[in-house]
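A quick write-up on the structure given underneath.
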Amino acid sequence: MFLELTTDEQLREWLPKLVGIERHYEIHLGTGDDVDIIAAQVDAGHDSTLTREETTASVHYLWWPFTTEQAEKLANGPAESCAPIRPTSEVTELTDINRASLSADLL
């Protein structure tokens with residue numbers, strides 16, 4: 001995950017606000033009552049260097065432990081990428097192209 005902050009002002013404002021974001025990132029598969037939520041896992045080789053108490057890094061190395069069934073559900077959509085952390089909560093619907101590309105890596 002790459003946080004694109006292009007000015008020193010943005011870095012100073014947002015990196016402290018986003019402490020811990022790497023532990024709150026999720027992929028949501030399906031809709032309604034049939035949603036699988038897959039929490040991001042922080043890459044072990046980078047875990048201790050990314051977030052400190054007062055600020056976070058602008059690059060995080062994450063992975064998601066998809067089962068075969070979840071990979072198939074991703075391929076068939078819908079799916080969303082979610083970062084439910086305050087002060088902002090971002091949700092992005094994965095397009096057919098996104099899902100096809102990710103599914104090719106998983107299946």
Side-chain angles (χ1 to χ4, degrees):
M1 171 179 54
F2 174 71
L3 305 172
E4 186 173 8
L5 303 168
T6 58
T7 67
D8 186 57
E9 182 179 292
Q10 288 176 327
L11 289 167
R12 291 181 188 279
E13 176 184 357
W14 283 100
L15 293 183
K17 290 179 180 179
L18 296 173
V19 168
I21 190 172
E22 71 279 6
R23 288 180 174 49
H24 293 89
Y25 212 86
E26 303 168 343
I27 299 291
H28 294 193
L29 305 173
T31 59
D33 293 335
D34 186 32
V35 174
D36 285 1
I37 298 175
I38 306 166
Q41 305 296 307
V42 179
D43 185 88
H46 300 276
D47 189 30
S48 63
T49 61
L50 295 177
T51 292
R52 294 164 294 284
E53 252 182 70
E54 68 282 349
T55 189
T56 193
S58 58
V59 176
H60 295 274
Y61 297 88
L62 308 175
W63 62 279
W64 287 263
F66 281 82
T67 65
T68 301
E69 293 79 20
Q70 290 169 329
E72 290 170 358
K73 195 170 184 178
L74 171 66
N76 295 312
E80 297 174 329
S81 146
C82 305
I85 186 173
R86 297 192 190 290
T88 183
S89 182
E90 295 294 326
V91 176
T92 302
E93 184 174 346
L94 299 180
T95 67
D96 292 345
I97 293 170
N98 296 143
R99 289 186 296 98
S101 177
L102 292 170
S103 296
D105 290 339
L106 297 171
L107 295 172

Nearest non-hydrogen partners of [X] and [Y], listed with the distance:
{"X": "T55", "Y": "P16", "result": "OG1-N, 3.9 Å"}
{"X": "S103", "Y": "A71", "result": "OG-O, 3.9 Å"}
{"X": "Q41", "Y": "P65", "result": "CG-CD, 3.8 Å"}
{"X": "Q70", "Y": "D36", "result": "CG-OD2, 3.5 Å"}
{"X": "N76", "Y": "R99", "result": "C-NH1, 3.4 Å"}
{"X": "E93", "Y": "N98", "result": "O-OD1, 4.4 Å"}

Distance check, rounded to the nearest 0.5 Å: [X] atom [atom1] versus [Y] atom [atom2]?
{"X": "I38", "Y": "K73", "atom1": "CD1", "atom2": "NZ", "value": "8.5 Å"}
{"X": "W64", "Y": "L74", "atom1": "CH2", "atom2": "CG", "value": "11.5 Å"}
{"X": "L106", "Y": "E72", "atom1": "CG", "atom2": "CD", "value": "11.0 Å"}
{"X": "D96", "Y": "L94", "atom1": "CG", "atom2": "CG", "value": "10.0 Å"}
{"X": "H24", "Y": "L18", "atom1": "NE2", "atom2": "CG", "value": "11.0 Å"}

Any side-chain heavy-atom pair from [X] and [Y] closer than 4.5 angstrom?
{"X": "S81", "Y": "I27", "value": "yes"}
{"X": "L62", "Y": "E22", "value": "yes"}
{"X": "L29", "Y": "F66", "value": "yes"}

Exercise. Only counting residues at least two apart or in another chain, list the ones meeting side-chain contact (heavy atoms from CB on, under 4.5 Å) with Q10.
Key: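 Checked Q10 against side-chain contact (heavy atoms from CB on, under 4.5 Å); matches are L5, T6, T7.
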Practice problem: Please check if atom CD in E13 has more than 12 non-hydrogen atoms from other residues, nucleotides or ligands closer than 6.0 Å. | Solution: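 Above 12, so yes.
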